[in-house]
There are 2 protein chains.
Amino acid sequence: MPDRHVQTFRQFQRVVTREVGALQDDFLGRGRPFGASRLLWEMGDGPVEVSSLRERLGLDAGYASRLLRSLEDEGLVAVRPSPDDARAKVATRTPAGTDEATLLDRLSDDAAQGVLAGFSDSELAEIDAAARTLTRALTRRHLSIETVDPQSRDAQWCVDQFFAEIDALFDSGYDPAKAIVVGASELTPPHGAFLVARLHGQPVGCGGVKLPAGEPAFLKRMWVAPSARGLGVAGLMLDQLEALAVASGAPAVTLDTNSLLTAAGQLYESRGYRQVADFNGEPHADRWYRKEL
Amino acid sequence: MPDRHVQTFRQFQRVVTREVGALQDDFLGRGRPFGASRLLWEMGDGPVEVSSLRERLGLDAGYASRLLRSLEDEGLVAVRPSPDDARAKVATRTPAGTDEATLLDRLSDDAAQGVLAGFSDSELAEIDAAARTLTRALTRRHLSIETVDPQSRDAQWCVDQFFAEIDALFDSGYDPAKAIVVGASELTPPHGAFLVARLHGQPVGCGGVKLPAGEPAFLKRMWVAPSARGLGVAGLMLDQLEALAVASGAPAVTLDTNSLLTAAGQLYESRGYRQVADFNGEPHADRWYRKEL
DNA sequence: CCTTATAGTTGACTACAGTCAACAATATGC
DNA sequence: GCATATTGTTGACTGTAGTCAACTATAAGG
């Protein structure tokens with residue numbers, strides 16, 4: 001690797017270290033430890049299992065317990081026993097906690113705006129592209145894509161998220177009963193495969209492929225979590241799904257999608273998929289694609 | 001400012017915060033506080049005044065004193081009274097300290113290489129460009145360019161650095177006695193100006209302009225510190241010097257330079273300067289440029 | 001010479017970050 | 001029903017970061 005790339009990157013790291021320090025000062029301005037703010041921010045609005053929160057942030061059980069207690073004392077979160085497991089607890093933000101998280105969000109936005117202020121539109125576009133490139137590069141190492149059992153917990157979670165999202169997006173919702181049924185065995189080797197993408201070990205996306213012998217492969221349930229979009233996850237997922245199709249000897253890859261999923265359409269077209277006529281009558285789809293292998 | 005730019009940048013900040021944390025862990029692996037490693041790394045090899053070191057790192061006097069003492073106890077630095085001022089002290093790395101700093105450098109290089117590993121050459125080039133763009137953007141806010149007295153301490157320091165650098169670069173050295181003399185008054189309003197660029201308050205570059213009434217303006221002593229190159233400092237400096245020339249009614253801007261200063265030549269040509277014949281006989285120059293205003 | 005400013009040291013202190021082990025309550029598998 | 005594992009709480013502890021004020025030694029200006 002050229003040494004100058006390493007040097008460029010190190011200068012970048014030095015600058016960024018400084019900037020991150022300033023960012024943390026902003027969080028500290030809220031009169032509580034950075035760890036507590038981070039916890040409040042990271043937990044989101046809905047009820048979260050404390051154990052998953054702890055794991056996500058890499059916190060010690062005792063430490064997390066104390067941080068949560070301090071947030072509870074401030075009246076920002078409510079911690080209650082989990083309905084599923086009386087040992088476990090779930091944390092929820094109180095209205096005050098939501099307000100505070102919103103404020104933290106605004107502070108972060110302001111910090112970002114402060115950095116971006118004073119640049120022209122074309123410079124901003126350049127900075128935007130550069131930030132995306134580096135975000136992708138820095139993330140790549142922590143991203144893994146693995147073949148899993150489509151009935152595993154992570155796979156189910158992804159599919160549930162996917163269905164919930166398109167149900168909210170489509171005017172007439174998404175009704176699994178009307179959709180073409182895909183059984184678990186069809187997405188399990190050797191008849192197919194189901195992949196889950198994980199970022200820092202947390203599932204952030206999925207994709208399935210049916211591999212009927214001698215016929216075109218068929219992609220199903222490609223989804224990327226909103227938090228992980230723009231990182232190129234879908235592209236990597238597509239690479240792997242296509243590689244499986246090639247390995248199985250499939251002559252082509254086909255799929256159906258909906259024009260409301262704009263990013264998906266763009267991805268397929270940029271990867272050489274061409275629109276074809278409806279080949280399966282899937283009621284939730286309005287576009288069908290095919291790519292020869 | 002478009003909201004999506006803010007969102008892109010915030011995602012970038014989140015990713016980078018994580019990465020910086022990992023970087024600090026590497027430094028901590030050396031068995032001493034991060035602050036001490038940073039101090040050792042930042043002080044460089046030569047003797048440094050403790051006060052300037054403290055200021056550069058933004059450390060409390062008491063805290064810095066203790067960090068230095070701990071490095072001294074480890075045998076990594078030697079702290080002695082300043083020859084100029086018996087109150088002040090200067091710190092120097094011992095051979096062991098230099099070794100340790102080299103090791104820290106290597107750890108940082110390795111960390112950078114770890115991030116960059118696995119990318120193709122074209123991806124690396126893209127990442128390099130993106131890192132440069134963001135480094136520039138993140139730095140811009142902390143960069144100031146001001147008109148100063150050419151005999152002020154910061155101005156003198158920059159000019160000394162500049163002369164030392166070209167003296168080392170030119171085969172026959174740089175001899176101020178042979179060079180065309182430019183008096184301080186020629187670089188002081190209204191006959192001219194001398195600008196110093198500062199990053200986080202520390203001088204990192206300079207540039208002078210002579211503004212003889214009715215004649216072309218003449219640029220002198222454009223220099224950017226090695227540590228601040230690639231940040232666009234020279235470009236901003238040139239903008240301001242040209243603005244002064246325009247304000248004074250100069251019909252053109254001229255300058256001499258040497259082809260060994262390759263970055264300078266590229267900058268001038270990208271800014272619309274065209275090469276012209278020798279117009280002043282400066283012995284250290286081998287190229288002359290002019291730009292009509 | 002005297003006043004005032006500056007450089008550094010030291011002691012006392014606070015807050016944050018994080019670890020470890022003991023423990024209570026509850027689940028789970030046999 | 002009992003051994004074992006899991007979830008969270010609590011107490012005790014360490015190390016890092018950083019602040020503040022008192023103090024000594026030296027400089028610089030009138």
Side-chain angles (χ1 to χ4, degrees), chain A residues 17-18 20-40 42-43 47-74 77-92 153, chain B residues 17-18 20-40 42-43 47-74 77-92 153:
Chain A
T17 302
R18 204 160 195 145
V20 166
L23 192 67
Q24 295 197 352
D25 287 347
D26 285 350
F27 269 70
L28 285 168
R30 297 267 66 222
R32 77 181 68 82
F34 180 67
S37 290
R38 196 164 71 113
L39 194 58
L40 180 66
E42 196 85 21
M43 70 186 284
V48 204
E49 281 171 36
V50 170
S51 61
S52 81
L53 202 52
R54 221 166 45 205
E55 194 192 350
R56 211 184 322 160
L57 295 171
L59 294 174
D60 172 82
Y63 189 31
S65 174
R66 264 181 270 261
L67 286 176
L68 270 175
R69 183 78 52 255
S70 79
L71 287 171
E72 222 178 352
D73 290 347
E74 279 192 86
V77 307
V79 180
R80 276 175 301 181
S82 161
D84 305 332
D85 183 336
R87 292 171 305 180
K89 302 210 169 172
V90 290
T92 324
R153 219 181 62 129
Chain B
T17 302
R18 201 157 198 151
V20 167
L23 191 67
Q24 295 197 350
D25 287 347
D26 285 349
F27 270 73
L28 285 168
R30 297 268 66 220
R32 77 182 68 80
F34 180 68
S37 290
R38 197 164 71 112
L39 195 57
L40 180 66
E42 195 86 20
M43 69 186 285
V48 205
E49 282 171 36
V50 170
S51 61
S52 82
L53 202 51
R54 223 165 45 205
E55 193 191 351
R56 209 182 325 158
L57 295 171
L59 294 175
D60 172 81
Y63 188 31
S65 174
R66 264 182 268 261
L67 286 176
L68 271 174
R69 184 79 50 255
S70 78
L71 287 171
E72 222 179 352
D73 290 347
E74 280 191 88
V77 307
V79 180
R80 276 176 302 182
S82 163
D84 306 331
D85 183 336
R87 293 170 302 179
K89 302 210 170 170
V90 290
T92 323
R153 218 181 63 129

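Just so we're clear, the structure is a prediction, and the values are computed from it rather than from any experiment. A, B, ... follow the sequence lines: proteins, then strands. Residue 1 opens every chain.
For B:Arg80 and D:dT26, the CZ to C1' distance is 19 Å, given to the nearest whole Å. Between the C1' atom of D:dG18 and the CZ atom of A:Phe34 lies a distance of 18 Å, rounded to the nearest Å. When the P atom of D:dT10 is taken as reference, atom NZ of A:Lys89 falls 8 Å away, rounded to whole Å. If you take CG of B:Asp73 and C1' of C:dT9, they are 14 Å apart, rounded to a whole angstrom. If you take CG of A:Leu53 and C1' of D:dT7, they are 14 Å apart, rounded to a whole angstrom.
With sequence neighbours excluded, the residues that form a side chain to side chain contact (heavy atoms under 4.5 Å, CB included) with A:Glu42 are A:Arg56, A:Leu57. Remark: A:Asp85 pairs with A:Arg87 by the salt bridge (charged side-chain N to carboxylate O under 4.0 Å, His left out) rule, at least two apart or across chains. Scored by the salt bridge (charged side-chain N to carboxylate O under 4.0 Å, His left out) test, B:Glu74 finds B:Arg32 as partners (sequence neighbours excluded).
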Pull out every protein N or O sitting under 3.5 Å from an N or O of nucleotides 26-30 of chain C, one pair per line with the distance.
unit_1: C:dA27; atom_1: OP1; unit_2: A:Ala86; atom_2: N; d: 2.8
unit_1: C:dA27; atom_1: O4'; unit_2: A:Arg87; atom_2: NE; d: 3.3
unit_1: C:dA27; atom_1: O4'; unit_2: A:Arg87; atom_2: NH1; d: 3.4

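Mapping A:Ala36 and B:Arg69 onto DNA chain C via the closest heavy atom, the residue that lands nearer the 5' end is B:Arg69.
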Ignoring hydrogens and angles, write down the donor-acceptor pairs under 3.5 Å from the side chains of residues 62-71 of chain A, residues two or more places apart or on other chains.
unit_1: A:Arg69; atom_1: NH1; unit_2: A:Glu72; atom_2: OE1; d: 2.6
unit_1: A:Ser70; atom_1: OG; unit_2: A:Leu67; atom_2: O; d: 2.9

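End-to-end axis angle of the helix from C:dC1-D:dG30 to C:dC30-D:dG1, using five pairs per end and rounding to 10°, comes to 20°.
Taking every heavy atom of residues 55-68 of chain A and every atom of DNA chain C, pairs under 4.0 Å involve A:Asp60, A:Tyr63, A:Arg66, by number.
In this structure, A:Arg54 does not reach the D:dT7 phosphate: none of its side-chain N or O atoms is under 4.0 Å from OP1 or OP2.
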